[in-house]
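Each remark here refers to the structure printed beneath this line.
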2 protein chains.
Amino acid sequence: MTDAEAIKLSLESSGVRCTAQRYAVMAFLMENNRHPTAAEIFEAVNRMDPRSSRATTYNNLRDLVQAGLVREVAVEGRAARFDATGMKHHHFICDHCGNVEDMDWYDVPRPASVSLGERILRESELIFRGLCAKCALRQ
Amino acid sequence: MTDAEAIKLSLESSGVRCTAQRYAVMAFLMENNRHPTAAEIFEAVNRMDPRSSRATTYNNLRDLVQAGLVREVAVEGRAARFDATGMKHHHFICDHCGNVEDMDWYDVPRPASVSLGERILRESELIFRGLCAKCALRQ
DNA sequence: TTTCAAATTTAGATATAATCTAATTCTTGA
DNA sequence: TCAAGAATTAGATTATATCTAAATTTGAAA
Ligand SMILES: [Mn+2]
Ligand SMILES: [Mn+2]
Ligand SMILES: [Zn+2]
Ligand SMILES: [Zn+2]
């Protein structure tokens, strides 16, 4: 199976139509582990046909996040970043430049049931903070 | 020592002048574990004297975060929320309403040194996601 | 106490990020 | 082929946060 077919399949098996614009977003995120912002994705997708409007880019990112194929990472004071939820991993967020980097995944202990109360837990996310390699050198 | 003196002291020992406006932000966050947004803090502080402008509220929140007295929590698609960094704790963020709730703290295993590379780790933050008690009931 | 430079505050403008609107185009299945 | 729903679009709008430049306040030196 080609990559294209795999993307098409994963979209459709998640209940999302595979449109040209949606495909372009998904393909860009899968070949790119740099956690781009919506603006960067919009720009990248529009460097070639087919075009995609800003509204569509945001709509599709929202749909893909809902379908569980894409993860949105909120960063304090900066635009949200996105990545394809391929292999499980954690994130390192740089205090200085805001870059988001992948970190090896390891299982995180669940909170005690009594502490969870009536809440329904979907996932536990571990975020490391500090200085990325580039910013660490400069300080 | 009164609470007021304690706040004044903690500001000054963190190298931040204790101005009336800064004090009001800090006091509001310390008597309030609801993780208010900047807009909510601005409004609360301005319900009584002394007044504080929007710019000052944002400036002071930035200064207090830098001093380590306040934590900023970015939430996807919503305004950032703030809390006083008193006792260590984790956060639960509701997928549905975006509310941020405190969870008991427990130690998180550090990433492997090889995985960290040249990065400098400041903190590891555990975020639980799912539905808060109120939203869980309604679904 | 007086004085002054630095820090802080302010109102309002501006910038940035994200969503909404309503018209159009595309897709799918009958 | 055709109708209905889904998706896309340009541009307006909203939401969030920062910037600017002038005024005020502060603390420490004199
Ligand atoms: Mn990632
Ligand atoms: Mn908290
Ligand atoms: Zn960095
Ligand atoms: Zn909720």
Side-chain angles (χ1 to χ4, degrees), chain A residues 7-8 11-28 35-46 48-67 69-82 96-98 100, chain B residues 7-9 11-28 35-46 48-67 69-82 97-98 100:
Chain A
I7 292 176
K8 188 164 186 292
L11 287 179
E12 280 166 354
S13 71
S14 303
V16 189
R17 261 196 207 166
C18 183
T19 66
Q21 289 83 358
R22 213 168 265 159
Y23 176 92
V25 168
M26 197 65 211
F28 180 67
H35 307 90
T37 63
E40 287 165 351
I41 295 166
F42 169 73
E43 195 191 6
V45 162
N46 277 282
M48 57 196 63
D49 278 329
R51 305 290 137 131
S52 180
S53 73
R54 192 153 39 97
T56 296
T57 305
Y58 275 101
N59 286 344
N60 284 336
L61 282 168
R62 193 229 303 114
D63 296 344
L64 293 169
V65 167
Q66 281 222 317
L69 296 168
V70 166
R71 172 155 59 160
E72 177 174 356
V73 183
V75 183
E76 311 71 40
R78 300 178 187 259
R81 289 158 170 279
F82 298 87
H96 187 252
C97 69
V100 176
Chain B
I7 292 176
K8 189 164 186 293
L9 202 66
L11 288 179
E12 281 168 353
S13 72
S14 301
V16 189
R17 264 196 204 167
C18 182
T19 67
Q21 288 82 358
R22 212 168 266 160
Y23 176 92
V25 168
M26 199 63 212
F28 180 67
H35 306 91
T37 63
E40 287 164 350
I41 295 166
F42 169 72
E43 195 191 7
V45 162
N46 278 282
M48 57 194 64
D49 279 327
R51 305 290 136 131
S52 181
S53 73
R54 192 155 39 100
T56 295
T57 304
Y58 274 100
N59 286 345
N60 284 336
L61 282 168
R62 192 230 303 115
D63 296 343
L64 292 169
V65 168
Q66 281 223 319
L69 295 169
V70 166
R71 173 155 58 161
E72 177 173 358
V73 184
V75 184
E76 310 72 39
R78 301 180 186 258
R81 290 161 169 276
F82 298 87
C97 69
V100 176

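Note that these values count all heavy atoms, side chains included, but never hydrogens, waters or copies made by symmetry. Note that the structure is predicted; figures quoted are calculated from it, not measured.
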Residues passing the side-chain contact (heavy atoms from CB on, under 4.5 Å) test with T19(A), sequence neighbours excluded, are R17(A), Q21(A), R22(A)
Non-neighbouring partners of R54(B) that pass salt bridge (Lys or Arg N to Asp or Glu O under 4.0 Å), sequence neighbours left out | none
Could you run down nucleotides 24-30 of chain C 5' to 3' and tag each one B, S or - for protein heavy-atom contact under 4.0 Å?
-> -------
Partner residues of A39(A) under the side-chain contact (heavy atoms from CB on, under 4.5 Å) criterion, sequence neighbours left out | T37(A)
Counterpart residues, side-chain contact (heavy atoms from CB on, under 4.5 Å), relative to E43(A) (two or more places apart) | R47(A)
Separation between CG of L11(A) and CG of L69(A), rounded to the nearest 0.5 Å | 6.0 Å
About how many Å separate CG of N60(B) and CD1 of I41(B), when rounded to the nearest 0.5 Å?
-> 10.5 Å
Which atom names give the shortest non-hydrogen contact between S53(B) and F42(B), and what distance separates them?
-> C-CE1, 3.5 Å
Minimal heavy-atom distance between A38(B) and F82(B), with the atoms involved, is N-CE1, 3.9 Å
With a cut-off of 3.5 Å and sequence neighbours excluded, list every side-chain donor-acceptor pair involving residues 71-81 of chain B.
unit_1: R71(B); atom_1: NH2; unit_2: H89(B); atom_2: O; d: 3.1
unit_1: R71(B); atom_1: NH2; unit_2: H89(B); atom_2: NE2; d: 3.4
unit_1: E76(B); atom_1: OE1; unit_2: R129(B); atom_2: NH1; d: 3.1
unit_1: E76(B); atom_1: OE2; unit_2: R129(B); atom_2: NH1; d: 3.3
unit_1: E76(B); atom_1: OE2; unit_2: R129(B); atom_2: NH2; d: 2.9
unit_1: R78(B); atom_1: NH1; unit_2: C97(B); atom_2: O; d: 3.2
unit_1: R78(B); atom_1: NH2; unit_2: H96(B); atom_2: O; d: 3.1
unit_1: R81(B); atom_1: NH1; unit_2: H35(B); atom_2: O; d: 2.7

Check nucleotides 19-21 of chain C against the protein and report each pair of N or O atoms closer than 3.5 Å, with its distance, or say if there are none.
unit_1: dT19(C); atom_1: O4; unit_2: R54(A); atom_2: NH1; d: 3.3

Excluding sequence neighbours, so at least two apart, what forms salt bridge (Lys or Arg N to Asp or Glu O under 4.0 Å) with R62(A)?
-> none
Would you grab the first and last nucleotide of DNA chain D (5' to 3') that comes under 4.0 Å of any non-hydrogen atom in chain B?
-> dT16(D) to dG27(D)
With distance as the sole test, does S13(B) use its side chain to make a donor-acceptor pair with the main-chain N or O of L9(B) at under 3.5 Å?
-> yes
What pairs with S14(A) under side-chain hydrogen bond (donor to acceptor under 3.5 Å, both in side chains), at least two apart in sequence or on another chain?
-> none
To the nearest 0.5 angstrom, please state how far the CD atom of E40(A) sits from the OG1 atom of T57(A).
-> 12.5 Å
In whole angstrom, what separates D63(B)'s CG from dA7(C)'s P?
-> 12 Å
If each end axis of the helix from dT1(C)-dA30(D) to dA30(C)-dT1(D) is fitted on five C1' pair positions, the angle between them, to 10 degrees, is 30°
Rounded to whole angstroms, how far apart are CD on E76(B) and P on dA18(C)?
-> 11 Å
If you look at every strand shown and take non-hydrogen atoms under 4.0 Å, does A39(B) touch a base, only sugar-phosphate, or nothing?
-> nothing
Checking all strands, does S52(B) fall into the base, sugar-phosphate, or nothing category for heavy-atom contacts under 4.0 angstrom?
-> sugar-phosphate
Take the protein atom CZ of R22(B) and the nucleotide atom C1' of dT8(C), then report the distance between them rounded to whole Å.
-> 7 Å
